[in-house]
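As the structure lists them, so they are numbered: ligands from 1, and atoms in each ligand from 1.
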Amino acid sequence: MSIFDALESNVQCYARHFPVVFERAAGWCLYDSDGRAYLDFLAGAGSLNYGHNHPVPKQALLDYIAADGITHSLDLHTEAKAAFLEAFREHILAPRGLDYVLQFTGPTGANAVEAALKIARKVTGRHTVVAFTNGFHGVTMGAAAATGNRHHRDGCALPLIGVARAPFCGYLGDDVDTLALLDKMIEDPSSGLDHPAAVIVETVQGEGGLNTASTPWLRRLQALCRKHGMLLIVDDIQAGCGRTGRFFSFEAAGIEPDIVTLSKSLSGFGLPFAVTLIKPEHDCWAPGEHNGTFRGNNHAFVTARACIEHFWRDDRFEREVRDKARHLNERLRSICRRAPERLEPVGRGMMQGIDCGDGALAERICRHAFEQGLIVETSGSRGQVVKCLAPLTIEDEALDEGLSILARSVERALDRGLRQAS
Ligand SMILES: *Cc1c(COP(=O)(O)O)cnc(C)c1O
């Protein structure tokens, strides 16, 4: 019996699908202890947008540690934090005309979501937050209340409160305006919906199956929030940090949320790190009111700053990501054409995949892919979507190689032989 099976809780999850022991990683490749290479289209569930061990943040961190830089901090002022804040202001907020204060929460996405929900309730004095079907916001109690997935909700074993559900963009088909329903329910004093403090939304639902909110829908959601005095929270934990081809996933829609959560790829190096961005006028916390020992992570400040200065000082990287995303979209479309009645391309930017209609087919595809050296996972309410989350830095050749493996895996899973996709 392996040490993992002997000692690790049954709650372990990803490892079940990729039953090898990984030893090292670079860029978009993982290597197991037998030296076998795997292309990584999982990228730490979206926490490695710049790939594994990118040399720029790695060197910055090595230098910082060698110079005895502060490792631990409560929310003390450190040089590393100052440098991160400067870089974030100069290269992320200022060029986009955005004005936020940063709340350093505990280092996971769920922590940032908890803080966002709390402050929205505190600002408005209301308790209900509207979250959307198939949304995923983490599994701590407050965040899990906003998460749709029954598997995760049931794991809480207590009533989840303070969240009302509304249908996401396109949930009832392209012809049904889901926001008209929400608007009417807020206006109707006997709809049963308490006046919400806020709505929390992903522009692309990462865990929920790569459902995308359209630009008009997001704009109307923002208008609805303003009309009813609700705060707009965009959970950009997975879709942010460049994943959709801009730093923030909501930029393309031209909206300006009141609160934004970031985590996953924020450190740029896979280190735990999360922030909640709050419009200054809503920053009504009393000092220490939302507390925690690990608020900020100095090593992550160092790597995040290095990545921001390297990738985000101009728009070159963004344009490269969008080019790659177009190519990815073409290849996925071509794969789906093999079985148009069953397969549909979904998602946006470098957050795209194949909706297989059912979880069994998607799982078979991922299993075949792994046998051929490609790590890729499913998402969606029934695990029906094969989700490609390749590092944004991946070279075209490696992206194509991974997509060719995916194409072969789809063929095999559909029992259509091994014809190689073009
Ligand atoms: C992953 C994720 C979270 C939760 O982050 P954790 O670090 O797993 O707590 C929240 N929201 C979204 C959109 C996510 O993808």
Residue selection (non-hydrogen contact nearest atom 14 (C) of ligand 1) among K264, R243, H137: K264
Suppose I only count heavy atoms of [X] and a 4.0 Å limit; which atoms of ligand 1 are within that range?
X    : answer
D235 : 10 (C), 11 (N), 12 (C), 13 (C)
Q238 : 15 (O)
T108 : 7 (O), 9 (O)
E202 : 13 (C)

Residue, atom name and distance, where the atom is the protein heavy atom closest to atom 9 (O) of ligand 1: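 The protein heavy atom lying closest is A110 N, 2.8 Å.
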Under 3.5 Å: donor-acceptor pair, side chain of [X], backbone of [Y]:
X    : Y    : value
Q222 : L218 : no
Q205 : E202 : no
S267 : A304 : no

[X] to ligand 1: N or O pair under 3.5 Å?
X    : answer
G109 : yes
G138 : no
I237 : no
E207 : no

Over 12 foreign heavy atoms within 6.0 Å of CG, D154: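 For D154, atom CG is crowded (more than 12 foreign heavy atoms under 6.0 Å).
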Cationic tip of K279 above Y100 ring, under 6.0 Å, 45° of axis: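 Cation-pi check for K279 and Y100: passes.
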Cation-pi check, R305 onto F84 ring (under 6.0 Å, within 45° of axis):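 Here R305 fails the 6.0 Å and 45° test against F84.
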Short side-chain donor-acceptor distance under 3.5 Å, R121 and T128: no
